[in-house]
Number of protein chains: 2
Amino acid sequence: MQQQELYKCGVPAACIFCDARRRGMCGALEPHQLAKLSKYSVRKNASSGKELYSATDRTGGFSNILSGVVKLSRTLSDGRQQIVGLQFPPDFLGRPFKSGNAITAEAVTEVVLCSLPQAAVERMIAESPSLEHRLYEQSLRELDEARELMVTLGRKTAAEKVASFLIMIARHLDPASQERKSTAFDLPLTRMDIADYLGLTIETVSRQLTQLRSANIIQIVNKHHIIVPNLARLAARAGD
Amino acid sequence: MQQQELYKCGVPAACIFCDARRRGMCGALEPHQLAKLSKYSVRKNASSGKELYSATDRTGGFSNILSGVVKLSRTLSDGRQQIVGLQFPPDFLGRPFKSGNAITAEAVTEVVLCSLPQAAVERMIAESPSLEHRLYEQSLRELDEARELMVTLGRKTAAEKVASFLIMIARHLDPASQERKSTAFDLPLTRMDIADYLGLTIETVSRQLTQLRSANIIQIVNKHHIIVPNLARLAARAGD
DNA sequence: CGTGTGGTTGAGCCGGTTCAAAGTGAGTGG
DNA sequence: CCACTCACTTTGAACCGGCTCAACCACACG
């Protein structure tokens, strides 16, 4: 078995079945590096609403998201909030090197993290170019998604925004849906979060969802569970 | 003189006074690497409106912006456009590794580029971790700016958008303005570009600018030249 | 000059917000 | 098991910020 071989090669027990090793940043590490890093790693659970790191408290260090969804957001002084990114497993959470940016990360569902001290990660980055390469690739992916969202925020109508959002969620929660033409999933976000993601109000989000339902493009079975019988028909409403 | 020493160390003549070497990606290279790369480099000029690379044509390779301003934008099928990033010297232009993203880069002013073939850059990235580190840092900076813009697009009023935009431009064109409290600059963008950056129409941009002028927060001397006597008063209108 | 391109200003409209009220459903305690 | 609560969602009605459409202005260029 391949897994046993890997184990023999010195992969820490906790990492063997970890998604971060298969698809996340830990995949860039040699077994001995992984062993070193895993000495400092701590498994953490956080429930919905838990702040994982914030503008003020920069001590949060870094983590791999093992399960759940995390939102990155910025809040203006008068309380207006904008979600500027959503992170799914096995994304890496945390901003290497300093940044003046006041961004908050918060769990939107139950979340399991593999948390690492900042110093250990930064040391490992310095000595492992392939780790830095992996992180660079993630930041480029985040940049692509950020630009996608900018188009949505700046130039799409409310209806197009909600359709785009549903497609984005489907892509993340059910990657295989590309091949098939239908999908179903549980929305990990509340209406409030969706509104903060799309630059809308909860009322508008709600209205657009019921409109998609009336047009038979989606079925809403219980507020969070959505069925999309025909992804192409949904995509046709996304505007791009 | 330091410059002479560097020259003795084998820095190519064309690179000696180049900003990309002092503050851009070339600063991460050893003289011999720089010499190698500069063999393939071509100085290019582009005038306003010139497409530097596009969704379809991915052959454009990479370049350093030596002077001028470049916009990155995406256009929806019906013509709606959103600018998703502005790049200033000595930024690096081009998306390493593949991306499904259909983003276009276009000169918004006269632009001078130091253009490099894609293969040469990717080879150099592979063998120089410090180069990749430099590029990673730029992508993190772009990500910070992208998120800043998302807040602007999603949650700010037209007046706040325009004020935020002016502050961003001041920061890039006159970095020393932080220390002083006033500044003046030539807007590198047309009203149309500003509108596409802020998710507004040209009319709204124009109205907000005249409103800032009426409030004596800015002076508009000739459509593009703006004077900001008191940056703090402008910042107070930016919303955050 | 006329022509064209980019910018400004005005009037009316509309998509999305605001404010208000009612609906839904999970959790809790009697 | 039901009644009660609380958080979230939906729906309705009125309002308003930014858009649309249209006219005019400024200035560069032939």
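Residue numbers start from 1 in every chain, and the chains themselves are labelled A, B, ... in the order their sequence lines are given, proteins ahead of strands. Every heavy atom of this structure was used, including side-chain atoms; hydrogens, water molecules and symmetry mates were not. On a predicted model such as this, the values are computed, not experimentally measured, just so you know.
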**Q** Atom CG of A:L212 and atom P of D:dT9: how far apart are they, to the nearest Å?
**A** 16 Å
**Q** Over how many whole Å does the gap from B:R213 atom CZ to C:dG7 atom P extend?
**A** 14 Å
**Q** Mind listing the closest non-hydrogen atom pair of A:P89 and A:G68 along with its distance?
**A** CD-O, 3.2 Å
**Q** Calculate the interatomic distance between A:I220 atom CD1 and D:dT10 atom P; express it in whole Å.
**A**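 Whole-Å distance recorded here is 6 Å.
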**Q** Is it true that a side-chain atom of B:R191 and a backbone atom of B:E203 form a donor plus acceptor pair closer than 3.5 Å?
**A** no
**Q** Could you tell me how far apart A:K223 (NZ) and D:dT10 (C1') are, to the nearest whole angstrom?
**A**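 Rounded to whole Å, this separation is 8 Å.
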**Q** Please check if the side chain of A:T109 supplies one atom and the backbone of A:P188 the other of a donor-acceptor pair under 3.5 Å.
**A**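 Not a single qualifying donor-acceptor pair exists.
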**Q** Can you spot which of A:I227, A:N230, A:V162, A:I226 makes a side chain to side chain contact (heavy atoms under 4.5 Å, CB included) with A:I218?
**A**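 Running side chain to side chain contact (heavy atoms under 4.5 Å, CB included) over A:I227, A:N230, A:V162, A:I226 with A:I218 returns exactly one hit, A:I226.
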**Q** Between C1' on D:dT9 and CG on A:L189, what's the gap in Å once rounded to a whole number?
**A**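 The answer, rounded to whole Å, is 15 Å.
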**Q** Closest approach to the side chain of A:H224, judged atom by atom: which nucleotide of D:dT9, C:dG7, D:dT11 is it?
**A** D:dT9
**Q** Do you see a donor-acceptor pair shorter than 3.5 Å between the side chains of B:S139 and A:S139?
**A**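 Yes, side-chain donor-acceptor contact under 3.5 Å.
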**Q** If the threshold is 4.0 Å, N to carboxylate O, is there a salt bridge linking A:R22 and A:D19?
**A**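 Answer for the salt bridge query: yes.
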**Q** Could you list by number each residue of residues 151-168 of chain A showing a heavy-atom separation from DNA chain C of less than 4.0 Å, or answer none if no residue does?
**A** A:T157, A:A158
**Q** Considering only heavy atoms, which members of residues 193-209 of chain A lie under 4.0 Å from some atom of DNA chain C?
**A** A:G199, A:L200, A:T201, A:E203, A:T204, A:R207
**Q** Could you check B:R191 against A:V221 and say which one's nearest nucleotide on DNA chain C is further toward the 5' end?
**A**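 Checking each residue's closest nucleotide, the 5'-ward one belongs to B:R191.
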**Q** Would you mind reading off the distance between B:N222 atom CG and C:dT5 atom C1', rounded to a whole angstrom?
**A** 16 Å
**Q** Would you find a donor on one side and an acceptor on the other, under 3.5 Å apart, between the side chain of B:R213 and the backbone of B:Q208?
**A**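 Between the backbone of B:Q208 and the side chain of B:R213 there is no qualifying donor-acceptor contact (under 3.5 Å).
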**Q** If we ignore hydrogens and angles and just use 3.5 Å, is the side chain of A:R80 paired with the main-chain N or O of B:V151 as donor and acceptor?
**A** no
**Q** Taking atom CZ as the centre, does B:R74 end up with more than 12 heavy-atom neighbours from other residues, nucleotides or ligands that are less than 6.0 angstrom away?
**A**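 Yes, because the 6.0 Å sphere around CZ of B:R74 holds more than 12 heavy atoms from other groups.
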